[in-house]
Amino acid sequence: MNIRFLAPVSLAISLSSFSYILATQSQQVKPAKASKDPIIAAAGDIACAPTSPNYNRGNGTADACHMKATSNLIVNADLAVVLPLGDIQYETGTASAFQQSYNPTWGRVKSITRPAVGNHEYATTGAKDYYSYFGAAAGDSSKGYYSYNIGKWHIIALNSNCSKVGGCGAGSPQEQWLQADLKAHPSACTLAYWHHPRFSSGEHGSDSNYDAFWQDLYASGAEIVLNGHDHDYERFAPQSPSAKVDEKRGIRQFVVGTGGKNHYHFVSNQPNSQVRNSDTYGVLKLTLHPQNYTWEFVPEAGKTFTDKGSDSCH
């Protein structure tokens, strides 16, 4: 896949023979085929630790460690970009675990991967092995947030490990960067993703730490938010930051913690939750048309649950 870098907003650094632009700048990622609208795939909570009793030489068991099965859904799938939604490598995101578990599975599409960092990656100091594994594709290692363009869409990766980057609230460095990035890219269609969900019916539940993200994205007319953390699939109706249904300007949130590690149960169904599943591993595929999008949850082989739909950009 060819990547064309736009003019940098801030600092450019030279790494090997390439010039990489840090998190405060935006990039243009071209679709896999120029004649087709780009398709992306996303899921979080992916690769088991090689020391897990369910690892089973990377093949998993009946109920856990299905990272190989979900990776089979994204290999040779004509995707523009793959978005791992955090907790990419359990339990502590070490380099050796990445090489043994993630790399032979989801690592097969590493060249088109743009990850969001999870809390398990930070179990290794500074998530240093995560940033080393993904390199410039993960953004500046002191931030972990960045943006880029795919087709007509603006895509924003945020770091929901707030204590590691100076906070996530209003006025924090990350929130100020988000405001500036949205202002600099007034795209018709915008998608943001990070690990911890603002709204969730799962075991971890909703987290108000991300109110400022939602406020900024809502004010700018963003369409989609993708999260992981709860190991289930959940789709919400378009809603405002205060969880009011808003078909005109609301953000549609998907929780896609179905990358393979294990499953969680739903605890308390949240307002506007439309679809929930807690027993199927898989990935969410999104086709990004210039003025609208379609979604489809694709289950691993042998499973039948799916969820499909479409909506327009604001």
Side-chain angles (χ1 to χ4, degrees), residues 5-13 19-29 44 81 83-86 114-119 121-122 126-128 130-131 134-150 153-199 206-229 239-243 246 249-253 313-314:
F5 294 100
L6 302 176
V9 173
S10 61
L11 175 66
I13 63 172
S19 180
Y20 292 104
I21 308 303
L22 294 182
T24 52
Q25 106 103 52
S26 185
Q27 306 165 9
Q28 177 74 30
V29 180
V81 175
L83 312 181
L85 303 175
R114 303 306 308 268
V117 64
N119 50 287
E121 280 74 56
Y122 276 104
K128 63 182 180 63
Y130 159 87
Y131 288 109
F134 287 109
D140 181 347
S141 62
S142 69
K143 298 179 176 68
Y145 47 89
Y146 57 95
S147 72
Y148 52 99
N149 296 326
I150 300 177
W153 283 66
H154 187 56
I155 313 296
I156 304 169
L158 295 173
N159 188 342
S160 58
N161 298 277
C162 305
S163 65
K164 308 299 183 181
V165 289
C168 298
S172 66
Q174 182 172 200
E175 190 271 338
Q176 291 184 51
W177 173 88
L178 174 60
Q179 282 195 349
D181 183 77
L182 289 166
K183 184 177 180 180
H185 301 92
S187 304
C189 306
T190 300
L191 179 153
Y193 61 105
W194 63 88
H195 182 57
H196 303 79
R198 170 63 187 92
F199 303 103
S206 301
D207 194 333
S208 61
N209 282 320
Y210 312 107
D211 277 345
F213 290 173
W214 267 75
Q215 294 283 354
D216 291 345
L217 290 163
Y218 180 79
S220 70
E223 278 66 44
I224 300 170
V225 164
L226 305 178
N227 305 116
H229 199 47
Q239 57 185 336
S240 70
S242 58
D246 185 345
R249 291 189 55 84
I251 301 171
R252 187 183 297 280
Q253 181 195 313
C313 296
H314 300 140

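In this text the structure is predicted, and so the values were computed from the model without any measurement.
Between the side chains of Asn227 and His195, not a single donor N or O lies within less than 3.5 Å of an accepting N or O. In the model, His196 has no side-chain atom that pairs as donor or acceptor with a side-chain atom of Asp207 under 3.5 Å. Side-chain atoms of Ser240 and Asp246 form no donor-acceptor pair, as typed in the model, at a separation below 3.5 Å.
Here the shortest heavy-atom pairing between Pro197 and Gly228 reads CD-O, 3.4 Å. Between Leu158 and Ala116, the shortest heavy-atom contact is O-CB, 4.2 Å. Here the closest heavy-atom approach between residue Ser172 and residue Gly167 is recorded as OG-O, 3.4 Å. The nearest pair of heavy atoms linking Arg249 to Ala219 is NH2-O, 3.1 Å. The minimum heavy-atom distance linking Ala212 with Ala170 is given by the pair CB-N, 3.5 Å. Considering every non-hydrogen atom in both Ala137 and Pro115, the closest pair reads O-CD, 3.6 Å.
A salt bridge between Asp211 and Arg198 is present, with a side-chain N of the basic residue lying under 4.0 Å from a carboxylate O of the acidic one.
Using cut-offs of 30° and 60° for the angle between ring planes, the Tyr145 and Trp177 rings count as tilted. Note on ring orientation: taking the six-membered ring where Trp is involved, the planes of Tyr210 and Trp194 are tilted (angle from 30° to 60°).
To the nearest 0.5 Å, atom NE2 of residue His185 and atom OG of residue Ser220 are 12.0 Å apart. How far OG1 of Thr190 is from CD1 of Ile155: 7.5 Å, rounded to the nearest 0.5 Å. Taken to the nearest 0.5 Å, the OH atom of Tyr193 stands 8.0 Å off from the CG atom of Leu85. We find the CD1-OG distance between Ile156 and Ser147 to be 6.0 Å, quoted to the nearest 0.5 Å.
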Output, in order, the C-alpha distance, side-chain angles, deciding distance and verdict of side chain to side chain contact (heavy atoms under 4.5 Å, CB included) for His229 and Asn119. CA-CA 9 Å; His229 199 47; Asn119 50 287; 3.4 Å; yes
Please report the C-alpha distance between Tyr130 and Ser141 in whole Å, then the side-chain angles of each, then the deciding distance to 0.1 Å, and finally whether the side chain to side chain contact (heavy atoms under 4.5 Å, CB included) criterion is met. CA-CA 9 Å; Tyr130 159 87; Ser141 62; over 6 Å; no
Would Val117 and Phe134 count as a side chain to side chain contact (heavy atoms under 4.5 Å, CB included) if you check the C-alpha gap in whole Å, the side-chain angles of each, and the deciding distance to 0.1 Å? CA-CA 11 Å; Val117 64; Phe134 287 109; over 6 Å; no
Do Asp140 and Tyr131 pass the side chain to side chain contact (heavy atoms under 4.5 Å, CB included) test, and can you show the C-alpha distance, the side-chain angles, and the key distance before you say yes or no? CA-CA 8 Å; Asp140 181 347; Tyr131 288 109; over 6 Å; no
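Taking the six-membered ring for Trp and the full ring otherwise, Phe199 and Trp214 have centroids separated by under 6.0 Å.
Remark: the backbone N or O of Asn159 is paired with a side-chain donor or acceptor of Gln174 at under 3.5 angstrom. Of the possible polar contacts, one joining the Glu121 side chain to the Gly118 backbone as a donor-acceptor pair under 3.5 Å is found. Under the 3.5 Å distance criterion, the side-chain polar atoms of His314 are matched with a main-chain donor or acceptor of Gly221. Put simply, the side chain of Glu223 never gets that close to the backbone of Leu191: no donor and acceptor are under 3.5 Å apart.
Judged by the 6.0 Å and 45° rule, Arg114 forms a cation-pi pair with Tyr148.
A 4.5 Å side-chain heavy-atom check between His154 and Asp181 finds at least one atom pair inside the cut-off.
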